Q: 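Let me give you the structure first, and then I'll get to my questions.
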Amino acid sequence: MTSLSKQEQVEWEKAEYANVNWDELGFALTKTDYMYVMKFTEEEQMFCNGTLTRFGNIQMCPSSGILNYGQGLFEGLKAYRKEDEGILLFRPEENALRMKVGADQMCMPSPTVDQFIDAVKKTVLANKRWVPPHGRGSLYIRPLLMGTGRNLEVKPSSEYTFLVYASPVGNGLKGVLNLMVEDNVHRATPGGTGGIKAVTNYSPIYKPLTEAKAKGFSDLLYLDALTGNNIEECSGCNIFILKGNVISTPTTHGTILPGITRKSIMEIASGFGYQVDERAIPIKEVFDAEEVFCTGTAMIVKSVASITYQGKRIEYKLGAETLAQKLHATLTGIQTGVIEDKLGWTMVID
């Protein structure tokens, strides 16, 4: 990997837009120009000397901690283009702080909040031409923190790599959400890593998720491992139920990821006058809900069309009049600069 030359820097500063069919973007990798890499070495004992390099494959020892023992974390956030061509980040400090919490739990050093945000900014600006036009998508940013030192023994790595890459994506996930409740496999267990974005949290549910999708479902809704009676979250998003003026979402008590979109939606909904409760939600309550919706960086806010549990299917309200649509419009309006950000959530980087 090599750093940017002066000529390359001038090239990406002058570039306007990449040759992309923005309207066809989904949530899949489109290779961009640059990524950011910063190392933590045994000698330095700190993250330093981060650089922008051409996007591409990386080298690491076969015995590295990330490959052998799954010592790694990732984050996900987005950059949005405003109507005036400026670029906004949405709450990047929250991602930096969440990565630090995860790193502490997994015995890893983490970049400082300033280092994290600086890396994200540089990655976005280096890939500026890949930020979709206003209203036609966003630049998804994926920071990675990995144990990359040589390590045969079961112990924390001695060296780490912080890497940030990006890809343009469309406006949320396409299609309606039809969920199936998974009552045999649990996404997370108490005392584990369900509350952080550990790389090992996701592949264990690939098998039941693949089987559910083969049956026509969009995703799985998991139950708590202790009682098997309470809903927790889906494979990669948080869930909310609405009944009357009360919005309820499962408490994040170590098995549920404290989503940044989740946190933002709770604040917006409270501002709308709704009572927002974080509590244990028995599975039976989803059948009495007036509306159900999910939140996450990829989907933003999305209504759930149906939930199926033990052969019973319940359908929910959809369409322009739903609370989910109102929350989605407000949040995306703030993220894209259309609605004034009175909460200090956005950060201008251009």
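These values consider heavy atoms only, across backbone and side chains, with no hydrogens, waters or symmetry-generated copies. A quick note: this is a predicted structure, and the numbers were derived from the prediction, not measured.
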Q: When rounded to the nearest 0.5 angstrom, what is the spacing between CD1 in Ile66 and OG1 in Thr161?
A: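 That separation rounds to 10.0 Å.
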Q: Between Pro143 and Phe116, which heavy-atom pair has the shortest distance, and what is it?
A: CG-CZ, 3.7 Å
Q: Check step by step if side-chain contact (heavy atoms from CB on, under 4.5 Å) holds for Lys121 and Leu89.
A: CA-CA 8 Å; Lys121 284 183 175 180; Leu89 286 175; 4.1 Å; yes
Q: Apply the test side-chain contact (heavy atoms from CB on, under 4.5 Å) to residues Thr336 and Arg81: give CA-CA distance (whole Å), side-chain angles for both, the deciding distance (0.1 Å), then the verdict.
A: CA-CA 6 Å; Thr336 58; Arg81 197 179 291 269; over 6 Å; no
Q: By salt bridge (Lys or Arg N to Asp or Glu O under 4.0 Å), which residues pair with Glu267, not counting sequence neighbours?
A: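 Listed in chain order: Arg91.
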Q: Any side-chain heavy atom of Leu327 within less than 4.5 Å of one from Phe272?
A: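 They are in side-chain contact.
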Q: Can you name the closest pair of heavy atoms from Gly149 and Ser158 and give their distance?
A: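 Heavy atoms of Gly149 and Ser158 come nearest at CA-OG, 4.4 Å.
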Q: Would you list the pairs meeting ring pair (Phe, Tyr, Trp, His ring centres under 6.0 Å) in which at least one residue belongs to residues 307-347, sequence neighbours left out?
A: Phe90-Trp345
Q: Answer whether the closest heavy-atom distance between the side chains of Asn151 and Ser64 falls below 4.5 Å.
A: no
Q: State plainly whether the residues Arg262 and Glu278 are in salt-bridge range, i.e. N to O under 4.0 Å.
A: yes
Q: If we check side chain to side chain contact (heavy atoms under 4.5 Å, CB included) with Ile307, which of these qualifies: Leu179, Ile241, Ile231?
A: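 Exactly one candidate clears the test, Leu179.
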Q: Got a donor-acceptor contact below 3.5 angstrom from the Gln115 side chain to the Phe47 backbone?
A: yes
Q: Taking atom CD1 of Ile239 and atom CD1 of Ile256, what is their separation to the nearest 0.5 Å?
A: 10.0 Å
Q: Would you kindly confirm whether Val20 and Tyr17 end up in one hydrophobic cluster when ILVMFWY residues are joined by side chain heavy atoms under 4.5 Å apart?
A: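 Yes: a chain of side-chain contacts under 4.5 Å links Val20 to Tyr17.
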Q: With distance as the sole test, does Asp224 use its side chain to make a donor-acceptor pair with the main-chain N or O of Asn230 at under 3.5 Å?
A: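 Flag set: sc Asp224 to bb Asn230 pair under 3.5 Å.
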Q: Looking at Thr252 and Leu257, what are the two nearest heavy atoms and their distance?
A: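 That would be CG2-O, 3.9 Å.
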Q: Going by the rule side-chain hydrogen bond (donor to acceptor under 3.5 Å, both in side chains), which residues pair with Asp118 if we only count those two or more places apart in sequence or in a different chain?
A: Lys122
Q: Tell me who clusters with Val348, hydrophobic residues only, linked when side chains sit under 4.5 Å apart either directly or through other members.
A: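 Leu88, all in the cluster of Val348.
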Q: Can you sort out the partners of Arg313 under side-chain hydrogen bond (donor to acceptor under 3.5 Å, both in side chains), two or more places apart, ordered by chain and number?
A: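 For Arg313 the side-chain hydrogen bond (donor to acceptor under 3.5 Å, both in side chains) partners, ignoring immediate neighbours, are Ser306, Glu315.
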Q: Please confirm whether Tyr165 and Tyr34 have ring centers closer than 6.0 angstrom.
A: no
Q: Using distance only, find each side-chain donor-acceptor pair of residues 69-76 under 3.5 Å and give its atom names and separation, not counting sequence neighbours.
A:
{"from": "Tyr69", "atom 1": "OH", "to": "Leu152", "atom 2": "O", "distance (Å)": "2.5"}
{"from": "Gln71", "atom 1": "OE1", "to": "Ser157", "atom 2": "N", "distance (Å)": "3.1"}
{"from": "Gln71", "atom 1": "NE2", "to": "Met106", "atom 2": "O", "distance (Å)": "3.0"}
{"from": "Gln71", "atom 1": "NE2", "to": "Cys107", "atom 2": "O", "distance (Å)": "3.4"}
{"from": "Gln71", "atom 1": "NE2", "to": "Tyr160", "atom 2": "OH", "distance (Å)": "3.2"}
{"from": "Glu75", "atom 1": "OE1", "to": "Asn95", "atom 2": "ND2", "distance (Å)": "2.9"}
{"from": "Glu75", "atom 1": "OE1", "to": "Arg98", "atom 2": "NE", "distance (Å)": "3.2"}
{"from": "Glu75", "atom 1": "OE1", "to": "Arg98", "atom 2": "NH2", "distance (Å)": "2.7"}
{"from": "Glu75", "atom 1": "OE2", "to": "Arg98", "atom 2": "NE", "distance (Å)": "3.0"}

Q: Checking side chain to side chain contact (heavy atoms under 4.5 Å, CB included) between Ser218 and each of Leu177, Val304, Val176, which is the one that passes?
A: Leu177
Q: With Lys263, which residues qualify under side-chain hydrogen bond (donor to acceptor under 3.5 Å, both in side chains), at least two apart?
A: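 Lys263 satisfies side-chain hydrogen bond (donor to acceptor under 3.5 Å, both in side chains) with Glu94 once adjacent residues are dropped.
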Q: Hey, does the side chain of Asn245 reach the backbone of Gly273 with a donor-acceptor pair shorter than 3.5 angstrom?
A: yes
Q: For residues 185-198, which residue pairs pass the side chain to side chain donor-acceptor pair (under 3.5 Å) check, not counting sequence neighbours?
A: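 Counting only pairs at least two positions apart or across chains, the side chain to side chain donor-acceptor pair (under 3.5 Å) contacts touching residues 185-198 are Arg187-Glu233, Thr193-Asn201, Lys197-Tyr202.
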Q: Determine whether a donor-acceptor pair (N or O, by modelled atom type, separation under 3.5 Å) exists between the side chain of Ser138 and the backbone of Tyr140.
A: no
Q: Do the side chain of Asn68 and the main chain of Pro62 share a donor and acceptor less than 3.5 angstrom apart?
A: yes
Q: Which of these passes side chain to side chain donor-acceptor pair (under 3.5 Å) with Glu232: Asn238, Thr255, Thr251?
A: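 One option only clears the test, and that one is Thr255.
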Q: How does the hydrophobic cluster around Leu226 look, that is, which other residues are in it when side-chain heavy atoms under 4.5 Å mark a link?
A: none
Q: Do any N or O atoms from the side chain of Glu44 and from the backbone of Thr41 form a donor-acceptor pair under 3.5 angstrom?
A: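 Here the side-chain-to-backbone pair does not exist.
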Q: State plainly whether one hydrophobic cluster holds both Leu97 and Met38, where clusters connect Ile, Leu, Val, Met, Phe, Trp and Tyr through side-chain heavy atoms under 4.5 angstrom apart.
A: yes
Q: Honestly, is Lys39 close enough over Phe162, meaning NZ or CZ under 6.0 Å from the six-membered ring centre and within 45° of the axis?
A: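 No, Lys39 and Phe162 do not form such a contact.
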Q: Measuring only between side-chain heavy atoms, which start at C-beta, is Met99 closer than 4.5 Å to Leu145?
A: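 Met99 vs Leu145: side chains touch.
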Q: Can you tell me how far apart CE (Met347) and CG (Leu77) are? Round to the nearest 0.5 Å.
A: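 Interatomic distance, Met347 CE to Leu77 CG, rounded to 0.5 Å: 10.5 Å.
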Q: With sequence neighbours excluded, what pairs up with Asp277 under the salt bridge (Lys or Arg N to Asp or Glu O under 4.0 Å) test?
A: none
Q: Count the heavy atoms of every other residue, nucleotide or ligand shown that sit under 6.0 Å from CG of Asn49, and state whether that count exceeds 12.
A: no
Q: Are Leu331 and Met299 connected in the hydrophobic side-chain network, where two residues link if heavy atoms are under 4.5 Å apart?
A: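 Result: no, two separate clusters.
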Q: Within a 6.0 Å radius of atom CG on Asn19, are there more than 12 heavy atoms belonging to other residues, nucleotides or ligands?
A: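 Check fails, neighbour count at 12 or below.
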Q: Do the side chain of Thr322 and the main chain of Leu318 share a donor and acceptor less than 3.5 angstrom apart?
A: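 Looks like no, no N/O pair under 3.5 Å.
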Q: State, with a plain yes or no, whether a side-chain heavy atom of Phe217 is found less than 4.5 Å away from one of Leu209.
A: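 Answer no - side chains too far apart.
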Q: So, the side chain of Lys78 versus the backbone of Pro168: is there a donor-acceptor pair under 3.5 Å, distance only?
A: no
Q: With a cut-off of 6.0 Å (strictly less than), are more than 12 heavy atoms of other residues, nucleotides or ligands near CD of Glu321?
A: no
Q: Asp341 side chain to Thr346 main-chain N or O, any donor-acceptor pair under 3.5 Å?
A: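 It does hold such a pair.
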Q: With the threshold set at 4.0 Å, does a side-chain nitrogen-carboxylate oxygen contact exist between Asp219 and Lys213?
A: no
Q: Just grab all the side chain to side chain donor-acceptor pair (under 3.5 Å) pairs involving residues 285-304, residues at least two apart or on different chains.
A: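 Residue pairs with at least one partner in residues 285-304: Arg279-Glu285.
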Q: Indicate yes or no: at least one non-hydrogen side-chain atom of Ile58 is less than 4.5 angstrom from one of Met60.
A: yes
Q: Measure across Ala212 and Met180 and return the closest heavy-atom pair with its distance rounded to 0.1 Å.
A: CB-CE, 4.0 Å
Q: Would you mind telling me which of Val164, Thr123, Leu52, Leu163 makes a side chain to side chain contact (heavy atoms under 4.5 Å, CB included) with Met35?
A: Leu163
Q: On a heavy-atom basis, which atom in Tyr36 and which in Gly50 lie closest, and how many Å separate them?
A: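 Scanning both residues, the minimum pair turns out to be OH-CA, 3.2 Å.
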Q: For Lys207, check side-chain hydrogen bond (donor to acceptor under 3.5 Å, both in side chains) against everything at least two apart and list the hits.
A: Glu211
Q: Tell me if a side-chain donor or acceptor on Ser167 pairs with a main-chain N or O of Thr30 at a distance below 3.5 Å.
A: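 Side chain of Ser167 to backbone of Thr30, a donor-acceptor pair under 3.5 Å: yes, one is there.
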